[in-house]
Amino acid sequence: QVQLVESGGGLVQAGGSLRLSCTASGRTFSNYNMGWFRQTPGKDREFVAAIGRSAGNTDYADSVQGRFTISRDYAKRTVNLEMNSLKPEDTAVYYCAADSRVGLVTTVEQWNYWGQGTQVTVSS
């Protein structure tokens with residue numbers, strides 16, 4: 001299995017930016033699609049962004065399209081999420097995920113590996 005560890009969460013004011021990182025270990029990083037999900041207490045975990053094995057294809061939730069950018073660094077075995085123009089509704093625990101499917105998917109149940117999450121709080 002793959003071990004995932006997120007970092008970069010914190011407190012930021014609305015309109016500000018934050019960069020999250022996820023480091024993967026245990027398997028060949030390039031074999032996996034990587035994604036970011038988020039969850040607020042009392043709500044289901046929701047899809048945020050994903051990037052394919054080759055980094056040639058990406059997918060974003062409508063709520064973050066144009067504001068967030070996902071990328072991956074094969075040498076460092078990391079996937080990053082650049083978050084700009086943050087809104088209070090972006091407040092959540094953000095989780096890094098990985099799966100070995102050929103195509104990108106957005107359903108939580110279809111992702112095989114998960115990190116423990118990092119808290120992002122956006123104040124107004």
Under 3.5 Å donor-acceptor, [X] side chain and [Y] backbone:
| X | Y | value |
| --- | --- | --- |
| T78 | C22 | no |
| T58 | I70 | no |
| R53 | F29 | no |

Side-chain polar contacts of residues 7-19 - donor-acceptor pairs under 3.5 angstrom, sequence neighbours left out - could you list them?
from	atom 1	to	atom 2	distance (Å)
S17	OG	N84	OD1	2.8
R19	NE	E82	OE2	2.9

Which heavy atom of [X] sits nearest a heavy atom of [Y], and at what distance?
| X | Y | result |
| --- | --- | --- |
| Y95 | G115 | CD2-O, 3.6 Å |
| V48 | F68 | CG1-CD2, 3.7 Å |
| T40 | A92 | OG1-CB, 3.8 Å |

Quiz item: Where does the angle between the aromatic ring planes of Y32 and Y113 fall among parallel (under 30°), tilted (30 to 60°) and perpendicular (over 60°)?
Solution: perpendicular
CH2 of W36 to OH of Y94, rounded to nearest 0.5 Å, is 10.0 Å
So NZ of K87 and OG of S63: to nearest 0.5 Å the spacing works out to 8.0 Å
Hphob cluster co-occupancy, [X] + [Y], side-chain heavy atoms under 4.5 angstrom:
| X | Y | result |
| --- | --- | --- |
| V108 | V93 | yes |
| V79 | V5 | no |
| I51 | V2 | yes |
| L86 | F47 | no |

For residues 111-124, the salt bridge (charged side-chain N to carboxylate O under 4.0 Å, His left out) pairs (sequence neighbours left out) are none
>> Quick check on side chain to side chain contact (heavy atoms under 4.5 Å, CB included): which of L81, L4, D99, L104 does M34 satisfy it with?
In response: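 So the option named by the test is L4.
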Axial cation check for W111 ring with R45, 6.0 Å and 45° limits =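 Judged by the rule, R45 and W111 form no cation-pi pair.
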- With a 4.5 Å heavy-atom cut-off, do S100 and N112 have their side chains touching?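 Yes. Closest side-chain heavy atoms under 4.5 Å.
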*Step-by-step side-chain hydrogen bond (donor to acceptor under 3.5 Å, both in side chains) determination, N80 to S21*: CA-CA 4 Å; N80 304 309; S21 293; 2.9 Å; yes
Sorted by chain and residue number, the side chain to side chain donor-acceptor pair (under 3.5 Å) partners of T23 (sequence neighbours excluded) come out as none
_By the definition salt bridge (charged side-chain N to carboxylate O under 4.0 Å, His left out), identify the one residue from E89, E6, E46 that meets it with R38._
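Option passing the salt bridge (charged side-chain N to carboxylate O under 4.0 Å, His left out) with R38: E46.
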